[in-house]
Amino acid sequence: MIDKLNDPQRDAVTLPAQHALVLAGAGSGKTRVLTTRMAWLIQTSQVSPLGILAVTFTNKAAREMVARVSAILPIDTRGLWIGTFHGLCNRMLRAHHRDAGLPQAFQILDTADQLAAIKRLLKANGVDDDKYPPRDVQRFINGAKEDGQRPGDVEAYDSFRRRLIEIYTLYEAQCQREGVVDFPELLLRAYELLSRHAPIREHYQRRFKHILVDEFQDTNTLQYKWLTLLAGGGAHLFAVGDDDQSIYAFRGANVGNMADFERDYAHGTVIRLEQNYRSFGHILDSANALISHNTGRLGKNLWTEQGEGEQIRVVEQPTDLLEAQWLVEEVRGLISDGRDRSQIAILYRSNAQSRVIEHALFSSGVPYKVYGGLRFFERQEIKHALAYLRLMANLDDDTSWMRVVNFPPRGIGARTLELLGDQSKAYDTSLSAAVARVPGKGGSNLAQFSSLIQRLADETRSLPLPELVEHVIEQSGLVGHYQLDREGADRIENLRELITAAAAFVAESDMGGLPAGEVVQTAGAQEPMQEGFDGLSPLMAFLSHAALEAGDNQAQAGQDAVQLMTVHAAKGLEFDAVFITGIEEGLFPHENSILEQAGLEEERRLMYVAITRARERLYFSLAQSRMLHGQTRYAMRSRFLSEVPEEHLKWLTPKQGLSDSEPRWKSSGAGFDPYARQGSVKRAPAVSQSASYGVTVGNQHFRVGQGVRHGRFGEGTIFGLSGSGLDAQAQIQFRDVGAKTLALGVAKLDIIQG
DNA sequence: TCCAGGCCCGTTTTT
DNA sequence: CGGGCCTGGA
């Protein structure tokens with residue numbers, strides 16, 4: 001089990017029972033160490049499988065961990081506490097719902113459900129949603145929860161904030177009344193459950209002897225507190241992470257947890273995994289050099305035994321269109337050289353960049369797959385079906401009620417729903433309980449909807465889950481509705497897929513043909529077996545599953561298509577050949593992040609993640625201009641480009657900048673010339689630098705990279721230009737006052753050089 | 001109830 | 001430029 005590990009890996013795996021921090025660089029065998037550690041602890045009888053808790057961020061990572069542990073050791077994986085933070089918290093809350101103050105059948109709101117609930121709340125309470133946009137309210141509430149704060153804990157330093165806190169209070173009351181819980185609430189409730197109920201806390205503290213945490217750099221404040229509480233009875237925390245790959249600060253992750261953990265728990269027991277098994281030397285050294293520009297790192301230097309490999313190929317094109325065309329030609333070359341399409345990844349900083357690239361790939365008939373976007377359980381028709389299912393389990397779920405009360409249309413209009421809302425507010429009841437008080441035709445339509453839900457519940461009581469789902473999508477009218485819709489075929493197919501998903505869920509959960517409404521009882525068990533099944537009907541379990549696992553979105557091997565995704569989405573993946581595109585100042589690093597050091601450093605970590613995805617071949621590409629927000633923008637080369645030493649780079653376009661006398665595209669070498677097959681050397685359409693590369697306002701001509709002087713801000717350098725004429729704007733990095741965006745038609749600037 | 005057209009906005013995203 | 005959302009009119 002441990003003889004194939006390198007020294008630091010073995011040290012980590014066989015560490016005596018104590019707290020430890022493992023700094024695991026990209027491609028250094030992190031998952032292997034985690035899973036082997038678990039297997040080793042079990043095999044050497046230091047702990048039973050049930051005494052281990054392992055927590056990850058994604059379901060995929062959790063599944064992989066279970067698979068790999070059980071591949072090493074033939075253990076019963078059921079009952080193991082290996083899962084995501086949210087999944088494990090859900091499991092605890094189901095088991096102790098009474099102490100947690102929740103109905104056993106509480107429903108989980110995903111981000112979209114939560115936003116809908118907040119909109120409804122703001123409307124019902126007459127809150128001005130210009131002053132309090134639902135999204136901001138959502139961010140406020142979730143931010144507070146992720147810091148472990150209830151409304152009473154949030155500091156109210158002005159009236160605006162006081163109002164937000166009131167809304168937070170109202171929101172909590174609404175959720176409680178409806179029996180629903182949002183994502184951060186799962187964590188906060190579970191935390192409060194443990195901190196307020198000593199017997200429960202002590203039970204879990206006694207039970208878990210070893211707590212292993214994956215991707216520790218991504219934990220937020222509340223998650224850290226939750227771990228602290230669980231480990232409070234003497235459990236050993238084994239935290240694995242990489243501070244250089246912390247790219248989720250924007251959603252609450254606190255890299256500082258790593259340093260805190262080292263100080264408070266590990267006490268210097270830090271193991272570094274620095275041998276990389278993925279990439280060749282030039283690639284790794286580039287990553288090391290780049291990341292060394294960050295401050296406050298825990299420190300780590302990746303190395304490999306694989307040799308230098310190839311340099312990073314760098315290409316600069318005049319426009320984003322030409323960048324995309326070049327990408328396609330190069331990708332075709334790689335494919336005709338015999339590379340697997342699925343082993344080629346095109347990465348970008350922001351989703352908007354994918355359009356041009358997709359267009360170019362599509363035009364050339366190169367198969368590609370874009371990751372990101374809607375997942376299965378987030379599709380409109382699936383959410384509609386789930387809303388019916390949720391209402392059958394809990395009529396008080398107003399979010400689900402509103403979603404389908406008039407879908408398919410059944411003559412219940414805005415006026416009727418307004419009356420219903422008034423009634424529910426006046427008597428402080430759920431919408432469904434207020435139906436009887438709405439008079440007239442609207443009232444009777446509402447009553448019919450209520451009885452439809454009732455009927456669905458009655459008719460399916462003894463059906464197995466897949467048949468229940470089938471009955472509901474038919475009898476709710478959803479299938480019929482989409483049959484009348486010209487473009488409804490895909491949606492019907494997805495609804496059928498939901499039946500399949502239910503069947504798969506039943507099979508995986510080992511539920512046999514139990515009726516969907518029947519509760520599973522595991523004899524004598526104090527805790528749910530998995531995903532909160534114990535004491536839950538299959539339907540309830542399936543609904544939890546649907547909320548906690550919206551479906552796979554991450555790339556998976558085997559698809560015979562070029563892989564397109566954001567750098568964020570590529571984290572954890574690896575490819576033989578990687579293109580990092582749009583390496584321009586303002587785009588990567590993104591303009592919204594460069595004003596503050598913390599933001600810039602996160603962008604640099606993002607670039608570090610991108611570089612370390614590549615096994616053999618890596619490309620950097622950039623465009624001097626690109627269409628953004630309907631305007632042409634000019635940008636400088638990213639600073640990240642100059643943070644990679646020249647010796648690792650191989651410029652395929654002139655490093656000195658483009659000139660009309662040189663071909664813009666050169667062969668990348670290694671047996672591939674995009675034009676060799678076409679018999680002639682083609683040139684990109686000529687773009688004369690002096691004529692169009694820049695913006696003219698009045699009698700001044702501005703260009704990227706130019707030095708300018710401003711009366712108030714002083715001297716600076718133009719790093720971005722967009723628009724033309726009176727709309728023209730320049731992004732300028734001033735020496736003393738930082739970056740500013742100025743309207744060139746208004747600002748008075750002197751050109752001082754360039 | 002439905003749809004067209006106007007308007008606004010524009011980084012990254014898992015649970 | 002393009003997508004999502006809202007509103008107003010039929």
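Predicted, not measured: the structure shown is a model, and the values here were computed from it. Residue numbering restarts at 1 for every chain, and letters A, B, ... go by the order of the sequence lines.
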Between the protein and nucleotides 4-13 of chain B, which nitrogen or oxygen pairs are less than 3.5 angstrom apart?
residue, atom, partner, partner atom, Å
B:dG10, N3, A:H629, ND1, 3.2
B:dT11, O4', A:H590, NE2, 3.1
B:dT11, O2, A:R349, NH1, 3.1
B:dT11, O2, A:R349, NH2, 2.2
B:dT12, OP1, A:N351, N, 2.6
B:dT12, OP1, A:N351, ND2, 2.7
B:dT12, O4', A:R349, NH1, 3.0
B:dT12, O2, A:R349, NH2, 3.2
B:dT13, OP1, A:T566, OG1, 2.8
B:dT13, OP2, A:N351, ND2, 3.3

Fill in: Nucleotide range of DNA chain C lying under 4.0 Å from chain A heavy atoms
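Contacts span C:dC1 to C:dG2, reading 5' to 3'.
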ring-ring contact (aromatic ring centres under 6.0 Å, His included) involving [X] - partner list, sequence neighbours excluded:
X	answer
A:Y132	A:F160
A:F85	A:F57, A:W226
A:Y168	none
A:Y191	none

Worksheet item: Between A:R410 and B:dT1, is there a side-chain N or O to OP1/OP2 distance below 4.0 Å?
Response: no
Which residues satisfy the salt bridge (charged side-chain N to carboxylate O under 4.0 Å, His left out) test with [X], sequence neighbours excluded?
X	value
A:D490	none
A:E185	A:K145, A:R150, A:R189
A:E418	A:R415

Worksheet entry | Rounded C1' spacing from C:dC5 to B:dT12 in Å |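 These two C1' atoms come out 23 Å apart once rounded.
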Worksheet item: Ignoring hydrogens and angles, does a donor from either the side chain of A:T84 or the base of B:dT14 sit under 3.5 Å from an acceptor on the other?
Response: no
